[in-house]
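Notes to accompany the following structure.
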Amino acid sequence: MNQLETGETPKAAQAVSNFQDELAEVLRERAAISAVLRAIASSPHDLQPIFDTILDSARRLCRADTGVFRLVEEAGFRLVARALGPGVSEDVLPPKLVEPGTFQGDFYSRLTASKLPLHVPDVALELHRADEATREFIGRRGLRTLLFVPMLRKHELVGSFALGRLRVERFTEREIELVTDFTAQATIALEIIRRERQQGQLQTELAHANRVATMGQLLASIIHEVKQPIASTVINAQAALRFLERRPPHLEQVQRVLAELVHDGMRASDIVDGIRALSQKAPSRKERLDINAAIRGVIELTRGEAVANGVSVQMDLAQGLPLIEGDRVQFQQVILNLILNAIEAMSDADEGTRELLISAGKAEPNGVHVGVRDSGPGLAPAALERVFDAFYTTKTSGLGMGLTICRSIIETHGGQLWATGHTPQGAFFHFTIPARPA
Ligand SMILES: Nc1ncnc2c1ncn2[C@@H]1O[C@H](COP(=O)(O)OP(=O)(O)OP(=O)(O)O)[C@@H](O)[C@H]1O
Ligand SMILES: [Mg+2]
């Protein structure tokens, strides 16, 4: 009995201690995985911190000396992130770009062919395929045990995660599994960012197509708008000539007429600049913006259209608004679409006044609020959300993309766009944009 007890106790103690070790290991792994998830959540647009967190955790948990992420390029495997253990020097790593056909490149070729983790327990045993220089090089640098895990997108190799040890020590099944999990997370992050970029590109294309279509729609009234200052320039110039021919010349009159001439010239040139800016296809850019100036620019472009449709335009732009940050052309596109929708809605109605009010004010807690309110037929409660659906239109020549694009632009800038009914009539579109952080 006694013997049994003494025999059992150390065994039990050993089991408890093993269990504790195991538990500690699992907890460390879980903490590492949640660190990676946190990195993904807090930097959804940037891969670097995600790769760095994964590398750091995996290298420490697997007691490796080096950890490297590489992405597939046409020329080979490009290093995008790396982690080194304490005291490990940079030059134990293969070159930044590992090319196929080289000693290191062969590991990657094997990975490409098998698409499975590749474990190299002792690099020295592989050196027979290396040339003299490489053998000497590897011998000196001394990474001895390697583990490569493929990053796959739909069965296609897009990159790899590799851990290295300066000593000969096999990676355990558990370590290989852990690294495989980490690599899967990195691949997901890579995919999210790739899709996001693609979507951004698609949004830019769509927005540009919408601007070009809108400018086409406005062309007749804009041409009319530009011809006016040009015609008055000619008349004013002729008047100036006549005032100069007088004996003595009427210089004061000439001065007045020339000032008007300058004003008209600038107005025509502003309109043309506005058209050019809105028609261009430029990648989205961020600048500090005065929303009131952006609104005035759009009103300038739509003035002719408003006049042609008998719409009176009012502005109520608060002074001292905070600057916002974003793409001027995109904001102007939003305002332009909202104004054109309002003019179109009002010109469909036969009766009643046609009034358009564009307002800008402070939004709580900080930021700006822009409102576009008309006196047209308005929106039924059921339509308040539907109007933002893609391809929702009630117009024979509409595409139904205007408001969809507006909402996506505003949301990309961290704001909101919505519609409310406006009593007794008319539609009221609003958007808010956060102020640029100080
Ligand atoms: N100010 C408004 N008053 C009443 N209805 C509106 C107003 N603005 C939009 N709508 C309704 O919402 C629909 C969708 O507008 P949206 O701008 O997305 O597309 P569209 O103007 O029909 O076509 P386009 O793609 O050329 O802009 C319109 O067809 C119209 O029925
Ligand atoms: Mg529209």
Side-chain angles (χ1 to χ4, degrees), residues 202-222 275 278-279 281 294-295 298-299 301-316 329-360 369-413 415-432:
L202 192 69
Q203 191 200 317
T204 314
E205 301 271 342
L206 256 178
H208 179 246
N210 169 259
R211 285 203 301 276
V212 171
T214 312
M215 298 316 282
Q217 199 179 329
L218 281 179
L219 201 61
S221 65
I222 288 178
I275 302 172
L278 278 163
S279 317
K281 185 177 179 182
I295 293 176
V298 178
I299 294 203
L301 284 179
T302 49
R303 192 190 305 279
E305 192 70 9
V307 170
N309 286 284
V311 172
S312 81
V313 182
Q314 308 274 341
M315 278 192 275
D316 178 12
V329 166
Q330 291 186 3
F331 281 127
Q332 290 195 314
Q333 175 169 15
V334 173
I335 301 162
L336 182 65
N337 280 344
L338 295 179
I339 291 181
L340 280 187
N341 275 350
I343 295 179
E344 282 165 356
M346 290 188 284
S347 40
D348 282 348
D350 296 333
E351 291 168 19
T353 51
R354 293 180 178 178
E355 282 168 352
L356 178 61
L357 176 68
I358 294 132
S359 57
H369 169 273
V370 175
V372 177
R373 182 158 121 183
D374 64 59
S375 59
L379 294 163
L384 290 177
E385 254 318 294
R386 274 196 76 189
V387 293
F388 296 100
D389 289 349
F391 305 114
Y392 173 82
T393 183
T394 54
K395 301 169 192 168
T396 42
S397 62
L399 199 57
M401 283 307 286
L403 289 172
T404 314
I405 291 167
C406 291
R407 185 172 259 182
S408 108
I409 290 175
I410 295 297
E411 287 178 354
T412 322
H413 285 89
Q416 280 176 308
L417 168 68
W418 73 100
T420 55
H422 156 222
T423 44
Q425 58 173 5
F428 197 173
F429 284 84
H430 316 249
F431 68 84
T432 53

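All ligand and atom numbering here is 1-based and tracks the order in the structure.
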The side-chain contact (heavy atoms from CB on, under 4.5 Å) partner of H430 among L417, V372, L338, T420 is T420
Which protein non-hydrogen atom lies closest to [atom], naming both residue and atom, and how far is it?
| atom | answer |
| --- | --- |
| atom 16 (P) of ligand 1 | L403 N, 3.6 Å |
| atom 21 (O) of ligand 1 | K395 NZ, 2.6 Å |
| atom 3 (N) of ligand 1 | A345 CB, 3.4 Å |
| atom 23 (O) of ligand 1 | G400 N, 3.1 Å |
| atom 26 (O) of ligand 1 | L399 N, 3.6 Å |
| atom 30 (C) of ligand 1 | T394 OG1, 3.4 Å |

For V387, the atoms of ligand 1 under 4.0 Å from one of its heavy atoms are 11 (C), 12 (O), 14 (C), 18 (O)
Between A383 and Y392, which heavy-atom pair has the shortest distance, and what is it?
->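 Residues A383 and Y392, closest heavy atoms: CB-OH, 4.3 Å.
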Where on [X] is there a heavy atom closer than 4.0 Å to ligand 1, on the side chain, on the backbone, on both, or on neither?
| X | value |
| --- | --- |
| N337 | neither |
| D374 | side chain |
| F388 | neither |

- Message: Taking R373 first and then E355, would you say they form a salt bridge - that is, a charged N and a carboxylate O separated by under 4.0 Å?
- Response: no
message = Can you confirm whether the side chains of E344 and Q217 place a donor and an acceptor under 3.5 Å from each other?
response = yes
- ligand 1 and G402, any nitrogen or oxygen pair closer than 3.5 angstrom?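 So ligand 1 has an N or O lying under 3.5 Å from an N or O of G402.
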